[in-house]
Peer 1: 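Following this message is one structure expressed as structure tokens.
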Amino acid sequence: MDGAAAVTMRAAVVGRPRGIRLEHVARPEPGPGKVRVRLEGCGVCGSNLPVWEGRDWFRYPMPPGAPGHEGWGVVDALGPDVSGLRPGDRVAMLSSSAFSEYDLADASATVVLPPSLAGRPFPGEPLGCAMNIFRRADLQPGQTVAIIGIGFLGAVVTRLAANAGARVIAITRRPWALEVARGQGATECIPMDDHQRIIARVKALTGGSLCDRVIEAVGEQWPLDLAGELTRERGKLVIAGYHQDGPRQVNLQLWNWRGLDVVNAHERDPRVYVEGMRLAVDAVASGRLDPFPLFTSYPLEELDRAFDAMRTRPDGFLKGLVTP
């Protein structure tokens with residue numbers, strides 16, 4: 001390997017809407033408290049779809065590797081003042097430029113993966129996100145929970161809720177995703193097609209009392225409206241969908257009358273994120289959670305195709321991963 005190749009890496013660059021190219025860029029060097037990770041892969045997050053599609057408020061080209069933030073790989077260099085990690089450790093991480101061969105992360109924002117997960121893909125950030133949503137929902141055995149939207153997040157939370165002893169009602173648009181939900185432990189599966197019909201069905205399933213918990217995992221107006229309608233008096237409505245495309249209206253009269261607890265389950269504290277990742281590692285390593293059938297892998301060169309699959313949602317697609 002010549003000197004130039006030794007200090008460069010390949011990275012995806014979102015140069016324009018729906019236009020990703022690979023470039024050779026300088027390999028980053030870790031500063032104080034940082035580690036450099038040789039990436040094995042990175043998840044493709046639904047929150048990044050508008051970046052790929054293009055919106056007026058985004059500026060292109062984006063930095064190399066951005067907006068990849070669901071990476072995992074092997075630590076290959078330590079910055080000053082890093083302890084508790086060593087080169088060769090396999091980790092999941094929080095970072096911001098992981099659509100590349102290398103990325104930097106705060107040492108405190110990494111979680112070491114155990115040997116039992118060797119060779120298995122592990123996008124720790126979305127798995128940690130699902131774990132934190134589950135914790136915020138405060139599910140108890142015997143409760144009825146409706147989960148609206150069975151993408152990757154909804155599928156993982158379905159399994160966590162079922163493991164906790166809750167009765168899960170899964171509601172989603174795609175017929176095959178209802179079967180995914182059933183496989184993850186949902187006891188009732190309802191097509192998301194007609195607002196009033198869904199409400200009537202949930203009332204029938206719950207003896208008219210509706211749901212103790214409702215987790216909205218879509219990020220659109222109608223599912224949010226539906227979530228409020230399905231939550232019982234003094235129940236908890238958990239907003240897990242990422243509502244990033246504009247303001248929302250809510251039926252505050254209904255929410256107020258029923259005395260709902262409304263929880264925005266998006267975490268912004270890195271320490272909480274990392275704790276969720278640790279819990280996810282334990283759940284997967286112990287066999288209580290099996291996310292691997294939910295993944296579809298693409299080479300980094302086909303990142304455009306991975307985003308397009310997220311946009312079109314072909315049968316069988318829940319979570320895209322890209323590998324350098």
Side-chain angles (χ1 to χ4, degrees), residues 28 30-48 65-137 152-153 155-157 159-160 163 240 265-295 297 319-324:
K34 300 275 189 178
V35 298
R36 187 175 66 207
V37 176
R38 176 173 50 80
L39 289 157
E40 296 178 0
C42 180
V44 183
C45 180
S47 69
N48 296 151
H69 61 272
E70 299 181 358
W72 75 93
V74 177
V75 174
D76 90 316
L78 307 177
D81 305 321
V82 172
S83 61
L85 289 170
R86 58 186 180 181
D89 283 342
R90 191 164 181 260
V91 298
M93 60 204 250
L94 300 178
S95 67
S96 60
S97 301
F99 291 144
S100 57
E101 292 181 320
Y102 294 85
D103 198 9
L104 301 179
D106 290 334
S108 60
T110 64
V111 175
V112 175
L113 302 177
S116 60
L117 295 179
R120 308 304 298 270
F122 202 90
E125 192 272 350
L127 288 167
C129 183
M131 190 64 68
N132 284 328
I133 289 165
F134 167 71
R135 291 198 294 165
R136 292 289 296 276
F152 175 74
L153 190 63
V156 173
V157 175
R159 171 50 61 195
L160 294 172
N163 288 352
H266 288 276
E267 295 294 346
R268 290 296 175 262
D269 186 335
R271 295 169 298 181
V272 177
Y273 250 122
V274 169
E275 178 60 20
M277 289 167 60
R278 290 195 182 100
L279 293 170
V281 168
D282 182 65
V284 176
S286 68
R288 302 193 311 275
L289 184 64
D290 179 13
F292 305 112
L294 308 179
F295 299 142
S297 293
K319 182 69 176 177
L321 308 179
V322 293
T323 56

Peer 1: Nearest 0.5 Å, what's the CG-OG distance between D103 and S96?
Peer 2: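 Separation between the atoms: 6.0 Å.
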
Peer 1: Looking at P270 and L94, what are the two nearest heavy atoms and their distance?
Peer 2: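 The answer is O-CD1, 4.1 Å.
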
Peer 1: Is the side chain of D81 donor-acceptor paired with the backbone N or O of G33 at a distance under 3.5 Å, no angle test?
Peer 2: no

Peer 1: Given side chains that start at C-beta, do those of F292 and V284 come closer than 4.5 Å, heavy atoms only?
Peer 2: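 Yes, their side chains come closer than 4.5 Å.
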
Peer 1: Could you measure the distance from the CG atom of L289 to the CG atom of N163? Nearest 0.5 Å is fine.
Peer 2: 7.5 Å

Peer 1: Going by heavy atoms in the side chains, are L39 and S100 under 4.5 Å from each other?
Peer 2: yes

Peer 1: Should R135 and E267 count as an ion pair when the cut-off is N to O under 4.0 Å?
Peer 2: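 Looking at R135 and E267, the cut-off is not met.
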
Peer 1: Using side-chain heavy atoms (C-beta onward) and a distance below 4.5 Å, is D89 in contact with R86?
Peer 2: yes

Peer 1: Within the side chain of R159, is there an N or O that forms a donor-acceptor pair under 3.5 Å with the backbone of P291?
Peer 2: no

Peer 1: List the atom of H69, the atom of N48, and the distance in Å for their closest heavy-atom pair.
Peer 2: CE1-OD1, 3.3 Å

Peer 1: Heavy atoms only: give me the nearest P126-F152 pair and the separation to one decimal.
Peer 2: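 Answer, listing the atom of P126 first, then F152: CB-CE2, 3.9 Å.
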
Peer 1: Answer yes or no: is there a donor N or O on one side and an acceptor on the other, between the side chain of R278 and the main chain of V111, under 3.5 Å?
Peer 2: no

Peer 1: If you count heavy atoms of other groups shown closer than 6.0 angstrom to CZ of R288, is the number above 12?
Peer 2: yes

Peer 1: Work out which heavy atom in L321 is nearest to a heavy atom in P123; give both atom names and the distance.
Peer 2: CD2-CG, 3.9 Å

Peer 1: Do L78 and P87 touch side chain to side chain, with heavy atoms closer than 4.5 Å?
Peer 2: yes

Peer 1: Take V44 and F99, measure what side-chain contact (heavy atoms from CB on, under 4.5 Å) needs, and give me the verdict at the end.
Peer 2: CA-CA 9 Å; V44 183; F99 291 144; 4.2 Å; yes

Peer 1: Measuring from atom CE of M277 to atom CD of E125, what distance do you get when rounded to the nearest 0.5 angstrom?
Peer 2: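 The CE atom of M277 sits 8.0 Å away from the CD atom of E125.
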
Peer 1: Look at K34 together with D106 and state whether they make a salt bridge at an N to O cut-off of under 4.0 Å.
Peer 2: yes

Peer 1: Any chance you could measure L113, atom CG, to R120, atom CZ, to the nearest 0.5 Å?
Peer 2: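 Those atoms lie 12.5 Å apart.
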
Peer 1: At their closest point, which heavy atom of G71 faces which heavy atom of C42, and how far apart are they?
Peer 2: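 G71 and C42 have their closest heavy atoms at N-SG, 3.9 Å.
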
Peer 1: Any chance you could measure F122, atom CZ, to M93, atom CE, to the nearest 0.5 Å?
Peer 2: 14.0 Å

Peer 1: Within the 4.5 Å heavy-atom criterion, are P30 and V35 side-chain neighbours or not?
Peer 2: no

Peer 1: Is the backbone of L279 close enough, under 3.5 Å, to the side chain of D282 for a donor and an acceptor to pair up by distance?
Peer 2: no

Peer 1: Is H266 reaching over with its side chain to a backbone N or O of A240, donor-acceptor style, under 3.5 angstrom?
Peer 2: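 Confirmed, H266 side chain pairs with A240 backbone.
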
Peer 1: Kindly compute the distance separating CD (E70) from OG (S95), expressed to the nearest 0.5 Å.
Peer 2: 10.0 Å

Peer 1: Check I133 against A265 and note the closest heavy-atom contact, atom names and distance.
Peer 2: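 Answer, listing the atom of I133 first, then A265: CG1-CB, 3.7 Å.
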
